[in-house]
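Have a look at the structure below, then the notes.
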Amino acid sequence: MCLVFIKIKSRLKCRRAVRIVWSRALAELFRNATPAEFLTITACSSNVTHYKQYPPNTSKVYSYFECREKKTDPTKLRKVKYDKTVFYGLQYILHRYLKGQVVTREKIQEAKEVYREHFQDDVFNEKGWNYILEKYNGHLPIEIKAVPEGSVIPRGNVLFTVESTDPECYWLTNWVETILVQSWYPITVATNSREQKKILAKYLMETSGSLEGLEYKLHDFGYRGVSSQETAGIGASAHLVNFKGTDTVAGICVIKKYYGTKDPVPGFSVPAAEHSTITAWGKDHEKDAFEHIIKQFPSVPVSIVSDSYDIYNACEKIWGEDLRGLIEMRSADAPLVVRPDSGNPLDTVLKVLEILGKKFPLVENSKGYKVLPPYIRVIQGDGVDINTLQEIVEGMKEHRWSIENIAFGSGGALLQKLTRDLLNCSFKCSYVVTNGLGVNVFKDPVADPNKRSKKGRLSLHRTPSGDFVTLEEGKGDLEEYGEDLLHTVFRNGKIVKTYTFDEVRDNAKLKESELEDLLL
Amino acid sequence: MMAAQDFNFLLATDSYKITHYKQYPPNVSKVYSYFECRRKKGAQFNEVVFFGLQYLLKKYLAGAVVTEEKIQEAKVFYQMHFKQTVFDEEGWRKVLEKYDGRLPIRIKAVPEGKIIPRGNVLFTVENTDPDFFWLTNYIETMLVQMWYPITVATISREFKKILAKHLKATSGSLEGLDAKLHDFGYRGVSSQESAALGGAAHLVNFCSTDTVAGLLMAQRYYGCPMAGFSIPAAEHSTIISWGKSREKDAFECLLDQFPSGPVAVVSDSYDIFKACKHIWGDKLKERVMERSEDSALIIRPDSGDPAQMLLEVIKILEECFGCSLNSVGYKVLPSYLRIIQGDGIDLNSINEILEKLSDEGWSAENMFFGCGSALLQKINRDTLNCAFKCSYVETNGKGMDVYKQPVTDPSKGSKRGRLSLRRNSDGFIETVERGAGKPEEDMLVTVFENGTILQEYTLDEIRKAAQLWEEDVNPSQHNEEDSNTLEIHQKRIMNGVH
């Protein structure tokens, strides 16, 4: 068996001339192509061979996407449940990769060459793609119906469906699976970000009586910790569905280009130091560094990382004594924000608050919690994930500190430490038409009931009590269930429905009922 | 080689870095920073594969990355983003005027593909013109994303070590090793670009992949015409679309459509055990046995506990098809039949599976593996503690070694001064700090200077540099004395210990 691959390699060496020709062609393809033109090469290898595997006379393949419900072992306690997900990010994929003309004759030829080398065999569906080129001028004959972006939907419900609209192109539905399944990422970032918003809302309300500033309580620090520039843009935009503070500039660009907002920008930041701008002054000049930076930004908030050598000394001696006068002069609109960046997050935050609380006059707010004077605040941007966030706000509340005192920054946990398994995002075929007959299809592996998929044509409805329900087997066609919440967003190469980022934010905002539940 | 045209380099950084030019000491003329995978006590991985910088240089950093248009776009953007004017328009215009928009930066790096112990400098960055001291750390955000290809290539190589160990032990040879771990991660990764970069990083160690974007990345940025291969394979939709009662017809269609060359068939849509016993092992048994060694049927389970599942499946296949013993006494299924496990694979489970199989007398030759998110997504910058820190500045004409050393976390301490990398007299790779390194011993190579890429590596060269070493394949033969010396050496390069 292993010999096969060795044979492949030696055959490759003998085909130098061919290789040079098509590798030049490939280089051309890659150099000049727009993202949309990569469709023939953006599927998984195995997708390339599937057109040969469906039953004969199949004229339609219909698939759907969901965040599967997972009935976990009750003995395994999961800290965060993620019962509902925020649907977001499909519009980016449609605009960037699927709309308009996605193939040309040259691209088809080039793809054919690539796959011939990759499989060491002719398996590419040249005929199928030429058909799409000729009949549809290279536009994709598929229809995608989806829940409105920003919608918050319980797990286990259909979020979008994909079906071929031309009997010759039944194979196209699952060709686009790979690219569409990547929507797991913006969905998961937006969902995880929103769950953190709930935690912050709860503790902010409990310790201060208001939600003022909630949207700036979790700042995106994740640009350097993601796997690529493109991921940064998608992920940061997903976080901005729930919050407004970000340092990941790429996210704003994605929103402006693919969603649009009524405001000039959907996300904001403030001047802030990094270690190099402190350590460049030398170990004995940390105070000079702090003083210089504070003076550079007198009338806006400025965040200054204070742990380069000794965070506690910096808080007590430098901020608390040497530069106290400068800090006290600052207005409530332009606080100094002290940034620890090492050590156990909760312990460090509590100790920093304690030290600052001794050096600066505390007030007690209407809820009886301690607040630093308005010209000084804290931001914890190290080791923050949904679990430590919970620990920190809980710990602060226990020690009678209001959440008004603090903001958080999150990087890797916000934008990178997530996988498709967190919300069990999955794309499955549920219905086919073969020999003119519709058949409800599904998988149901004996070894894992959680992996069972839905059957037939699907639709999403609201029950009289306001819950969501997915109807299977085409039952949604019957009038009695009311309107299907899935709308056609893409048909035959055209995007037919778009959402602005304002609409997305509106759909995803925390509901009154959710806030009430949090405070119970 | 020009960087991407419509990409605005000025917007490709953390917002706060826009404000840093105002924060450095007055009269600073040089900022010198470096990148490492910090060493951490009790860490799982001790060495890393350096890979991916060439991609960043070619795509984003080379050539004229600043234009007047981009400066204007950035200016307007930051005005709104900060709600005030803070963007260093003049600084960027100087880059445009003095250097035609090329970056006055020098990057020195370890050759790509090299295996370097944690805690060592991997690349350094400095400005080449005193007016642009602020530029070094402006590009930190982009360069720190190197954590990703480094980590994928490293994890992929760790997989290879495990596979090599078991393959050698249960078959006597390493034949076919680089086809044993197939990249299934395309759909589970966060974006197309990450798929391409991660896919290419895996191809440093292996040659089998379904992540097509990785092939193109390797071709365009690393000069390899075809870095990876795949085979026809089923997915659930191509099986279940036949209907529950026609799984056999679906399977048969696959055998018919792909008579020559290997074909992988996912067999757990309803009941993997029945599929193996009654369909493959009975109704289609003859069709399977007809296939040649080059055209094996590769059965794919896709649910249940991986190790348990495989033991059961392989037992059933043994009952139906028999097996033979190889030269080292392990059982091998007939050459027309193999198994691929592509669900739930990570470094722990793959080791567990191969151990359990070998405990039961089965050779690793029987198995192929597919890995998705554990390879390309379930990793982060903390996996190898990747960090970029300033270690040296020049102010008022004087050089100064700088560092952070937080009392709250000694492992976050950074290196000091100008750095170089060398192999010491014991043969171990180490970082020399404080500018004390001898240039002739320095393993770091200038790869980028003032907008030009000065050194390139092909995937072939990288693959060669990243090959497994003898002790990776035969760990039991590793000399005990050697390992003690290594440990002592590694302790010496723990961060923050000076």
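Each chain gets a letter, A, B and so on, in the order its sequence line appears, and its residues count up from 1. As the structure is a prediction and not an experimental result, all values here were calculated from the model.
With a 4.5 angstrom heavy-atom cutoff, A/W184 touches chain B only via side-chain atoms. Looking at A/V432, only its side chain comes within 4.5 Å of chain B, counting heavy atoms on both sides. For A/F427, no part lies near chain B; criterion is any non-hydrogen pair under 4.5 Å. Proximity to chain A (any heavy atom under 4.5 Å) is restricted, for B/F258, to the side chain, taken from C-beta onward. With a threshold of 4.5 angstrom between heavy atoms, B/V86 approaches chain A through side-chain atoms but not through N, CA, C or O. In this structure, the portion of B/M309 lying under 4.5 Å from any heavy atom of chain A is its side chain and not its backbone. Residue contact with chain B, scored on non-hydrogen atoms closer than 4.5 Å, is absent for A/I278. Heavy atoms closer than 4.5 Å to chain B are found in the side chain of A/H292, but not in its backbone. Only the side chain of B/E140 comes within contact range of chain A, with heavy atoms under 4.5 Å apart. For chain B, no part of A/C425 is nearby; none of its heavy atoms comes within less than 4.5 Å. When heavy atoms are compared at a cutoff of 4.5 Å, A/V226 approaches chain B by way of both its backbone and its side chain. Using a 4.5 Å cut-off between heavy atoms, B/D343 contacts chain A through its side chain alone, with no backbone atom that close. For chain A, the nearby parts of B/L11 are the backbone and the side chain; heavy atoms of each come within less than 4.5 Å. Neither the backbone nor the side chain of A/K295 comes within less than 4.5 Å of any heavy atom in chain B. For chain B, the nearby part of A/K451 is the side chain; its heavy atoms alone come within less than 4.5 Å. For B/K244, the part sitting under 4.5 Å from any heavy atom of chain A is the side chain, from C-beta outward, and nothing else. For A/T246, the parts lying under 4.5 angstrom from a heavy atom of chain B are both the backbone and the side chain. Looking at B/A234, the atoms closer than 4.5 Å to chain A (heavy atoms on both sides) sit in the backbone and in the side chain alike. Using a 4.5 Å cut-off between heavy atoms, A/Y92 does not touch chain B at all. Interface residue A/D341: backbone and side-chain heavy atoms are both found under 4.5 Å from chain B.
Minimum interatomic distance between B/A12 and B/M142 (heavy atoms only, all atoms of both residues): CB-CE, 3.9 Å. Taking all atoms of both residues into account, the shortest heavy-atom contact from B/S230 to A/F119 is O-CD2, 3.5 Å. Residues A/V305 and A/F290 share a closest heavy-atom pair of O-CE1, 3.8 Å. For the residue pair A/N47 and A/N174, the shortest heavy atom distance occurs at ND2-O, 3.1 Å. Here the closest non-hydrogen pair linking A/V249 and B/S15 is CG2-OG, 3.6 Å.
Not a single donor-acceptor pair under 3.5 Å links the side chain of A/H118 to the backbone N or O of B/I231. Judged by distance alone, with hydrogens and angles left aside, the side-chain atoms of A/Q120 form a donor-acceptor pair with the main-chain N or O of A/E117 at under 3.5 Å. Within the 3.5 Å criterion, the main-chain N or O of B/L333 finds a donor-acceptor partner in the side chain of B/R338.
With A/F268 as the aromatic partner, B/K83 meets the cation-pi criteria of under 6.0 angstrom to the ring centre and within 45 degrees of the ring axis. Geometrically, A/K60 does not engage A/Y170 in a cation-pi contact, judged by NZ or CZ lying under 6.0 Å from the ring centre and within 45° of the ring axis.
If you tally non-hydrogen atom pairs under 4.5 Å between each of B/C390, B/P406, B/S303 and chain A, the highest count goes to B/P406. Of the residues considered (A/S46, A/G343, A/S342), A/S342 shows the highest number of contacts with chain B, using heavy-atom pairs under 4.5 Å. Each of A/G282, A/P340, A/G225 has some count of heavy-atom pairs under 4.5 Å with chain B, and the biggest count is that of A/G225. Options A/A289, A/S430, A/P271, A/C429 differ in how many heavy-atom pairs under 4.5 Å they form with chain B, and the most are formed by A/P271. Of all the listed residues (B/T211, B/D249, B/T209, B/I272), the one sharing the greatest number of non-hydrogen pairs under 4.5 Å with chain A is B/T209. Among the candidates A/V181, A/D121, A/T279, the residue making the largest number of heavy-atom pairs closer than 4.5 Å to chain B is A/T279. The candidate from B/P232, B/P25, B/S237 with the greatest count of non-hydrogen atom pairs under 4.5 Å with chain A is B/P25. Across A/K443, A/K428, A/R420, A/Q53, the residue that shares the most heavy-atom pairs under 4.5 angstrom with chain B is A/Q53. Between chain B and the residues A/D288, A/D310, A/D448, the largest count of heavy-atom pairs under 4.5 Å involves A/D310. Of the residues considered (B/Y336, B/F82, B/F273), B/F82 shows the highest number of contacts with chain A, using heavy-atom pairs under 4.5 Å. With respect to chain A, the highest number of heavy-atom pairs below 4.5 Å among B/D409, B/D268, B/D382 belongs to B/D268.
Between A/D421 and B/K378, no side-chain nitrogen of the basic residue sits less than 4.0 Å from a carboxylate oxygen of the acidic one, so the salt-bridge criterion is not met.
Side-chain contact between A/Y185 and A/I234: present, with at least one pair of heavy atoms (C-beta onward) separated by less than 4.5 Å.
Classified by interplanar angle (parallel below 30°, tilted 30° to 60°, perpendicular above 60°), the ring pair A/H219/A/F221 is perpendicular. Using bins of under 30°, 30° to 60° and over 60° for the plane-to-plane angle, the ring pair B/Y16/B/H20 lands in the perpendicular bin.
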Worked verdict on A/Q416 versus A/S227 for side-chain contact (heavy atoms from CB on, under 4.5 Å) = CA-CA 7 Å; A/Q416 180 61 31; A/S227 44; 3.6 Å; yes
Tell me, with the steps shown, if B/Q84 and B/Y78 meet side-chain contact (heavy atoms from CB on, under 4.5 Å).
-> CA-CA 8 Å; B/Q84 58 163 337; B/Y78 287 122; over 6 Å; no
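Residues forming a ring pair (Phe, Tyr, Trp, His ring centres under 6.0 Å) with B/W242 (at least two apart in sequence, or on another chain): none.
For A/K52, the NZ atom sits in a packed shell: over 12 heavy atoms of surrounding residues, nucleotides or ligands are nearer than 6.0 Å.
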